[in-house]
Colleague: 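This is the structure I want to talk about, given as structure tokens.
What you see is a predicted model; the values in this text were computed from it and never measured. Values below: every heavy atom of this structure, side chains too, minus hydrogens, waters and symmetry copies. Counting starts at 1 for both ligands and their atoms, following the listed order.
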Amino acid sequence: MTVLVTGGAGYIGSHTTLLLLEAGYDVIVFDNFSNASPESIKRVEALTGRKVTLIEGDIRSREDLEKVFLNHAIDAVIHFAGLKAVGESVEQPLRYYENNVCGTVQLCEVMAEYGCRQIVFSSSATVYGDPHTTPIKEDFPLSATNPYGRSKLFIEEILRDLYVSDSAWKVVLLRYFNPVGAHESGRIGEDPSGIPNNLLPFIAQTAVGKREKLSVFGNDYDTHDGTGVRDYIHVMDLSEGHLKALEKLPQIEGVLTVNLGTGQGYSVLDMVKAFEKASGQKVPYEFAPRRSGDIAKCYADPTFAKEVLGWEAKRGIDEMCEDTWRWQSSNPNGYQL
Ligand code: NAD
Ligand code: UDP
């Protein structure tokens with residue numbers, strides 16, 4: 001079976017590609033390298049001893065996509081390609097809508113043209129906006145607080161409309177909580193460009209000495225220690241969820257929407273402590289004002305994922321921090337050699 005992985009050279013895409021290869025799938029990675037390096041795929045090939053068909057292309061280009069479908073019989077698509085920085089999306093909304101939404105429309109058009117109607121899409125817990133309560137279930141009300149989140153909501157709706165128009169489409173919308181960690185080898189991991197926006201990469205870069213100290217955004221939230229609570233999920237657990245979704249695709253009628261989270265919430269200070277323990281390094285921090293748009297608590301009810309996909313997260317907070325540290329300390333400059 002051949003799977004097209006858009007954005008496959010990126011953080012979650014590279015880990016999922018590794019598992020797909022290990023499970024025996026043939027994998028085509030399609031990426032424009034706007035936020036990734038081909039080095040990630042070289043390392044995936046070295047780790048698995050298998051070849052990836054790596055294609056440089058853009059999901060907004062019909063021509064690029066048609067070339068792929070013309071030359072390969074693709075059974076299903078896992079669609080990671082997209083821009084993901086919330087703050088940047090507020091400053092450059094059109095770029096986000098163009099890349100994420102228009103790109104997905106192009107991809108679906110070409111898929112339909114070539115008779116491939118099975119897709120797993122990377123959605124996000126951000127589509128729940130500020131949830132009225134936690135844990136979050138899949139049927140909670142949806143809202144967006146920024147253009148990035150809105151692009152995810154639009155794409156979810158577009159994929160639902162596609163199924164209504166043609167019941168041959170089979171769609172899984174995976175709503176990720178907070179992906180962290182790295183492959184246990186320390187050879188692949190998250191390689192953010194510039195100053196990291198996300199908590200764990202920032203902590204890791206502080207522990208390795210690249211950043212002076214962490215700013216903890218807000219210590220007056222209604223949480224156990226006043227700092228924001230999130231559902232951190234190990235990227236290998238998340239990637240395993242994609243394989244389960246792929247196995248499920250042929251049996252799906254319509255659109256399946258699934259939370260991928262652990263069900264466990266940790267605060268910023270919990271993460272700092274766990275990282276210090278895993279790395280043996282101090283992570284200096286100071287309290288700073290709340291970050292605009294942040295919510296107090298966000299964690300999943302993962303029951304449905306277990307019921308419908310037979311999937312649940314297995315790795316805990318210590319493993320998340322240990323694996324992040326192994327990656328960060330052996331690749332302080334990411335994939336830059
Ligand atoms: P990433 O930036 O590492 O990976 C995305 C990949 O897509 C990159 O390799 C990038 O080069 C590629 N890409 C972007 N635009 C493209 C285009 N027009 N054509 C071809 N390739 C393109 O990000 P990630 O963390 O691996 O996220 C993967 C997906 O999961 C994204 O859609 C993201 O929105 C979603 N997601 C991520 C998180 C998270 O916290 N990491 C949480 C929820 C959802
Ligand atoms: N956070 C922080 N300092 C940072 C980055 C993040 O205190 O430098 C906090 C943030 O306020 C939130 C949590 O860490 O409570 C997770 O933030 P992240 O950006 O990783 O994920 P998201 O906000 O998208 O859930």
Side-chain angles (χ1 to χ4, degrees), residues 5-17 29-38 40-41 55-61 64-65 78-87 89 95-96 98-100 102-104 106-107 121-127 145-146 148-149 151-152 155 174-180 189-193 195-203 205-206 211 213-219 221 223 226-233 235 238-239 242 260-261 265-272 285-299 334:
V5 184
T6 72
Y11 172 42
I12 307 168
S14 56
H15 290 78
T16 303
T17 295
V29 165
F30 180 90
D31 203 300
N32 68 357
F33 302 116
S34 57
N35 195 36
S37 151
S40 65
I41 295 302
I55 297 169
E56 180 165 2
D58 197 300
I59 52 166
R60 291 165 297 175
S61 160
D64 287 356
L65 288 167
I78 305 185
H79 178 31
F80 292 107
L83 300 173
K84 62 165 184 178
V86 171
S89 81
R95 185 169 158 235
Y96 271 67
E98 210 243 334
N99 194 84
N100 295 2
C102 301
T104 303
Q106 285 291 340
L107 173 68
F121 173 63
S122 304
S123 189
S124 165
T126 189
V127 299
T145 49
N146 56 69
Y148 166 69
S151 78
K152 293 292 178 193
I155 297 167
L174 296 177
R175 293 183 179 151
Y176 314 156
F177 282 68
N178 290 55
V180 295
E190 186 171 12
D191 182 17
S193 52
I195 301 171
N197 293 310
N198 293 116
L199 179 67
L200 217 63
F202 201 102
I203 290 181
Q205 292 194 4
T206 307
R211 312 270 159 217
K213 57 178 168 260
L214 169 76
S215 295
V216 176
F217 299 141
N219 61 348
Y221 284 110
T223 61
T227 66
V229 164
R230 297 290 182 275
D231 184 338
Y232 297 94
I233 173 168
V235 67
L238 192 67
S239 297
H242 288 73
L260 293 184
Y266 289 108
S267 73
V268 176
L269 295 184
D270 292 336
M271 295 310 283
V272 168
Y285 67 84
E286 66 183 4
F287 291 118
R290 290 182 178 194
R291 184 171 65 179
S292 134
D294 270 1
I295 57 177
K297 273 189 241 172
C298 176
Y299 57 94

Colleague: On a heavy-atom basis, I'd like to know which of K84, H15, E98, E56 is closest to atom 41 (N) of ligand 1.
Modeller: K84

Colleague: If we ignore hydrogens and angles and just use 3.5 Å, is the side chain of T223 paired with the main-chain N or O of G228 as donor and acceptor?
Modeller: no

Colleague: Below a 4.0 angstrom heavy-atom separation, can you tell me which part of N99, side chain or backbone, both or neither, approaches ligand 1?
Modeller: side chain

Colleague: Counting heavy atoms only, which part of D294 comes closer than 4.0 Å to ligand 2: side chain, backbone, both or neither?
Modeller: side chain

Colleague: May I ask you to decide if A85's main-chain N or O and Y96's side chain share a donor-acceptor pair within less than 3.5 Å?
Modeller: yes

Colleague: How close does the nearest protein non-hydrogen atom get to atom 9 (C) of ligand 2, and which residue and atom is it?
Modeller: V268 CG2, 3.6 Å

Colleague: Any atoms of ligand 2 less than 4.0 Å from a non-hydrogen atom of L214? List them with their elements.
Modeller: 3 (N), 4 (C), 8 (O)

Colleague: For atom 28 (C) of ligand 1, state which one of Y232, F80, F30, Y11 supplies the nearest heavy atom.
Modeller: F80

Colleague: Do V29 and I55 make a side-chain contact, defined as non-hydrogen atoms from C-beta onward lying under 4.5 Å apart?
Modeller: no

Colleague: Do the numbers put R230 on top of the ring of F177, so that NZ or CZ is under 6.0 Å from the six-membered ring centre and no more than 45° off the axis?
Modeller: no

Colleague: How far is atom 19 (O) of ligand 2 from its nearest protein heavy atom, and which residue and atom is that?
Modeller: R291 NH2, 2.8 Å

Colleague: Which residue holds the protein heavy atom closest to atom 2 (O) of ligand 1, what is that atom called, and what is the gap in Å?
Modeller: N35 ND2, 2.7 Å

Colleague: Side chains of L214 and L199, heavy atoms from C-beta outward: is any pair under 4.5 Å?
Modeller: yes

Colleague: Strictly distance-based, threshold 3.5 Å: is any side-chain N or O of Y11 a donor or acceptor partner for the main-chain N or O of V180?
Modeller: yes

Colleague: Quick one: does D64's side chain have a donor or acceptor within less than 3.5 Å of a partner on D58's backbone?
Modeller: yes

Colleague: Can you tell me the protein heavy atom closest to atom 9 (O) of ligand 1 and the distance?
Modeller: D31 OD2, 2.6 Å

Colleague: Counting heavy atoms only, name the option from V180, I203, N197, D231 that's nearest to atom 5 (C) of ligand 2.
Modeller: N197

Colleague: Report, in ascending order of atom number, the atoms of ligand 1 lying under 4.0 Å from any heavy atom of S122.
Modeller: 29 (C), 30 (O), 32 (O), 35 (C)

Colleague: Looking at ligand 1, is there an atom of it that comes within less than 4.0 Å of some heavy atom belonging to G103?
Modeller: no

Colleague: Can you tell if the side chain of I295 reaches within under 4.5 Å of the side chain of Y221, non-hydrogen atoms only?
Modeller: no

Colleague: If only atom types and distance count, is the side chain of S124 paired as donor or acceptor with the main-chain N or O of T126 below 3.5 Å?
Modeller: yes

Colleague: Does ligand 1 have any atom that is closer than 4.0 Å to a heavy atom of I59?
Modeller: yes

Colleague: Just by distance, do the side chain of D31 and the backbone of E56 share a donor-acceptor pair under 3.5 Å?
Modeller: no

Colleague: Considering heavy atoms of the protein only, find what lies nearest to atom 7 (O) of ligand 2 and give residue, atom and distance to 0.1 Å.
Modeller: F217 N, 2.9 Å

Colleague: Taking atom types as modelled and ignoring hydrogens, do the side chains of S14 and S40 form a donor-acceptor contact shorter than 3.5 angstrom?
Modeller: no

Colleague: Which atoms of ligand 2 are found less than 4.0 Å from any heavy atom of V216?
Modeller: 7 (O)

Colleague: Side chain or backbone of A125 under 4.0 Å from ligand 1, or both, or neither, by non-hydrogen atoms?
Modeller: neither

Colleague: Considering N32, N178, V86, which one's heavy-atom position lies nearest to atom 16 (C) of ligand 1?
Modeller: N32

Colleague: Among protein heavy atoms, which lies nearest atom 20 (O) of ligand 2, and at what distance?
Modeller: L199 N, 2.8 Å

Colleague: Do Q106 and R60 have side-chain N/O donor and acceptor atoms under 3.5 Å apart?
Modeller: no

Colleague: When you compare the side chain of N197 with that of V86, does any pair of heavy atoms fall below 4.5 Å?
Modeller: no

Colleague: Check for me whether the distance between the ring centres of Y176 and H242 falls short of 6.0 Å.
Modeller: yes

Colleague: Please report which non-hydrogen protein atom sits nearest to atom 3 (N) of ligand 2, along with the residue it belongs to and the distance in Å to one decimal place.
Modeller: S215 O, 2.7 Å

Colleague: Could you establish whether H79 and ligand 1 come within less than 4.0 Å of each other, counting only heavy atoms on the residue side?
Modeller: no

Colleague: Looking just at side-chain N and O atoms, do H79 and T104 make a donor-acceptor pair shorter than 3.5 Å?
Modeller: yes

Colleague: Side chain to side chain contact (heavy atoms under 4.5 Å, CB included) between V268 and M271: does it pass, once the steps are laid out?
Modeller: CA-CA 5 Å; V268 176; M271 295 310 283; 5.8 Å; no

Colleague: What is the closest protein heavy atom to atom 12 (C) of ligand 2, and at what distance does it sit?
Modeller: R230 NH2, 3.6 Å

Colleague: With heavy-atom distances below 4.0 Å as the criterion, list the atoms of ligand 1 near S34.
Modeller: 10 (C), 11 (O), 13 (N), 14 (C), 15 (N)

Colleague: Among all protein heavy atoms, pick out the one at the shortest distance from atom 13 (C) of ligand 2; state its residue, atom name and that distance to 0.1 Å.
Modeller: Y232 OH, 3.6 Å

Colleague: At a 4.0 Å cut-off, with the gap strictly under it, does some heavy atom of S14 reach an atom of ligand 1?
Modeller: no

Colleague: Within ligand 1, which atoms have a heavy atom of F33 less than 4.0 Å away?
Modeller: 11 (O)

Colleague: Before signing off on this row, confirm whether I12 and ligand 1 have an N or O atom pair separated by under 3.5 Å.
Modeller: yes

Colleague: Looking only at distances, can you tell me whether any N or O atom of Y148, backbone or side chain, sits closer than 3.5 Å to an N or O atom of ligand 1?
Modeller: yes

Colleague: Heavy-atom contacts with G57 under 4.0 Å: which atoms of ligand 1 show up? List them by number with element.
Modeller: 19 (N), 20 (C)

Colleague: At what distance, to the nearest 0.5 angstrom, does OG1 of T6 lie from CZ of F30?
Modeller: 8.0 Å

Colleague: Is the closest side-chain heavy-atom distance between R290 and F217 below 4.5 Å?
Modeller: no

Colleague: Output the list of atoms in ligand 1 that are nearer than 4.0 Å to some heavy atom of S123, sorted by atom number.
Modeller: 43 (C), 44 (C)

Colleague: What I'd like to find out is whether the side chain of S123 reaches to under 4.5 Å of the side chain of L174, using heavy atoms alone.
Modeller: no

Colleague: Where the side chain of N146 meets the backbone of Y148, is there a donor-acceptor pair that is under 3.5 Å apart?
Modeller: yes

Colleague: In the protein, which heavy atom is nearest to atom 5 (C) of ligand 1, and how far is it?
Modeller: G82 O, 3.8 Å

Colleague: Is there any N or O on P179 that sits under 3.5 Å from an N or O of ligand 1?
Modeller: no

Colleague: Would you mind telling me if ligand 1 is within reach of the side chain of K152, the backbone, both or neither, using heavy atoms under 4.0 Å?
Modeller: side chain

Colleague: As an exercise, identify every atom of ligand 1 less than 4.0 angstrom from a heavy atom of G10.
Modeller: 3 (O), 4 (O), 9 (O)

Colleague: Tell me, which protein residue and heavy-atom name are nearest atom 21 (O) of ligand 2, and how many Å apart are they?
Modeller: N178 ND2, 3.1 Å

Colleague: Heavy-atom contacts with R60 under 4.0 Å: which atoms of ligand 1 show up? List them by number with element.
Modeller: 18 (N)

